[in-house]
Amino acid sequence: MLTIKNVIFILIVLLKIKCIKCKWKIWEKDLDWWQTSVIYQIYPVSFQDSDGDGKGDLEGIRSRLDYFTETGIKTIWLSPIYTSPKIDNGYDISNFTDVDPIFGTLDDFKSLVKNIKDRGMYILLDFVPNHTSDQHEWFQKSIKRIEPYTDYYIWTDPKQIFPNGTKLPPNNWLSLFGGSAWTYNEERQQFYYHKFTVQQPELNYYNKKVREDMKEVLKFWLDLGVDGFRVDAVRYLTEDPELHDELCFPEFKTCNNEYFKINHNYTEDWPDDYDMVYEWREFLDSYAKCSPYNHTRIMLTEAYTSIDDITLYYGNDTNQGAQLPFNFYLLYADIESNSTVYKYLIDLWFDNMVEGQWADWVTGNHDVTRLATKMGNEIVDGFAMLSMLLPGTAVTYQGDELGQTSSMVRKDQQRDRYNAGDLAIRDPERGPFPWNDSLNGGFSSNKFTWGTVNPSYWEINLETQKKAEKSHYKVYKQLIDLRQKPTIQRGDLNLYIVSTWVLAFTRELSGNESYLTVINFGSEMEFILLGETIPKLPDKLSVAVPSINSDYKDGEIVDTKFSLHIASKPLILRPKASVVLTTDITVVPTTSP
Ligand code: NOJ
Ligand code: MG
């Protein structure tokens, strides 16, 4: 019965739950390697070519490890390096436990891992569990119904066969690459399911044998020294076993098979997806416990979906799911986004994490337009400040630290099948890393490269940015140095909307200096009296990291309050400029290259 006492009790419980879901508060526990590290995504085919074939390779990556050591990057994640016909550039894998010849051999991989370990670094691989290539031995045997592979994939009979032989797929499910998600196989006389290309049949996770085999794949790479995995496409892992048709969203009367007008509730975020991730976490933890190097093996899960669905990948506590479900929310910002939008995007993550979970910040990858192209070169440092200085792990896509822009890809240069007619969608962000101003930006000695070289390499390249007085790279490195500070690693966070376009956030930790980051997302100059919005600020703060367009220097003093004094210097930020300020006025952080 609902008595007053019961109501009060329920209220107290609800308040407590709300409190667990409060904003980021000081992190009390010891930090693990993956929490303090920056995770750097390497797109292997475009990072460094060592043998002159125009395609990046493992030996190329090994030859560039100094770059990470110098910069302070501890963890690299390699996009797929496995044997693949490259229909979806390596996300169609025909052998999960070997290296594709374009990247080298397993021995090259072992030597890369050894070099990484010798430097005290960590390596993550892409794990692509949702589908294999149609060239994979399992699929070839499955077609022939050779046991135990018969039910390794999602096979089903036609819904109907017309007198002229046309076969109707079992339902209306669509592929992300266009058309039906079902393809008929003449030999087996059944349809198989594929959310991605026809050449990427989906594995059947309701088959225990598939689950076991995929754990063997994890084990194979763990035994070679891998420290964790970025897990691909987790929201597509399982589907409704009853194969219900998917319906249009209520706002559309008809949806003519237009992908984004349909509610894909039977093929996306199906509840069993989470159990798979939880099972892999258990596996990784038990592996770590038994291994001589019993450090944590981690998972980053890839799912572009609602915050409720993404945070389910964390699991109910810190031991159940992925340590780092990718936080893609900063990718949803565009040039229209003002400080309220940014605050909303940041709060969203922290409001939905439970105590003990750890955030991460993604600002780019091989599937989205490059940051500098989408948001403009001038805001690159501002985004680096967000990803490096908000509580959590920063994730960098190769080249974004230089403000590399998307390449202009002609029709004859397109590689990817996910395109809009003649328009390349994902090829532009997959261009080679610009090391210097020599041929192909130092990426390859071959005139022709797999990804389209960005002609801007003469100007936007690492070597130039190392030599320049100010550069995105130098800011990036300064920010990595700052991440070593206890305040940035564990301190409290508060966000402030200073004006329509100016966002600020503080990081504070008792007994340590505080940091205040201020970013102008707008296209007008802003005069900012920080003390009017942010409580308890000292009158003066010192610049710890200025963005290159900010007109500030390290150690310069700014006033936080209004004063008529002639020497008073309130903060003035140019359009898209940003600064990190500190209460530590005596120590000027280094600006080492
Ligand atoms: C996500 C990957 O990032 C993307 O490149 C790929 O096409 C799909 N998953 C399918 O594996
Ligand atoms: Mg699937």
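Every number for a ligand or one of its atoms is a count from 1 in the order of the listing.
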(message) Suppose I only count heavy atoms of R426 and a 4.0 Å limit; which atoms of ligand 1 are within that range?
(response) 4 (C), 5 (O), 6 (C), 7 (O)

(message) Only heavy atoms of H131, strictly under 4.0 Å: list the atoms of ligand 1 that pass.
(response) 10 (C), 11 (O)

(request) Determine, for E212 against K215, whether the closest basic-nitrogen to carboxylate-oxygen distance falls under 4.0 angstrom. (result) no

(request) Among residues two or more places apart or on two chains, list those pairs meeting ring pair (Phe, Tyr, Trp, His ring centres under 6.0 Å) that have a residue in residues 384-427. (result) F177-Y418

(request) Measure the distance from atom 8 (C) of ligand 1 to every protein heavy atom, then report the residue, atom name and distance (to 0.1 Å) of the closest one. (result) F196 CE2, 3.6 Å

(message) Please report the interatomic distance CD(Q199) to CD1(I87), rounded to the nearest 0.5 Å.
(response) 4.5 Å

(request) Would you mind checking which non-hydrogen protein atom is closest to atom 7 (O) of ligand 1, with the distance to 0.1 Å? (result) D88 OD2, 2.6 Å

(request) With E187 as reference, evaluate K141, K144, R145 under the salt bridge (charged side-chain N to carboxylate O under 4.0 Å, His left out) test and give the passing residue. (result) K144

(message) Quick test: of every protein heavy atom, which one is nearest to atom 3 (O) of ligand 1, and how far off is it to 0.1 Å?
(response) D367 OD2, 2.4 Å

(request) Quick one: sort the Y149 and Y152 rings into parallel, tilted or perpendicular, breaks at 30° and 60°. (result) perpendicular

(message) Measuring from non-hydrogen atoms of Q41 to any atom of ligand 1, is the shortest distance under 4.0 Å?
(response) no

(message) Please list, in number order, the atoms of ligand 1 under 4.0 Å from a heavy atom of R430.
(response) 5 (O)

(message) For the residue pair T71 / Y40, report whether a side-chain donor-acceptor contact shorter than 3.5 Å exists.
(response) no

(message) Quick check: do D232 and F127 have side-chain heavy atoms less than 4.5 Å from each other?
(response) no

(message) Less than 4.0 Å is my threshold; does some heavy atom of K195 fall inside it relative to ligand 1?
(response) no

(request) Among all protein heavy atoms, pick the one closest to atom 9 (N) of ligand 1 and tell me residue, atom and distance. (result) D232 OD1, 2.8 Å

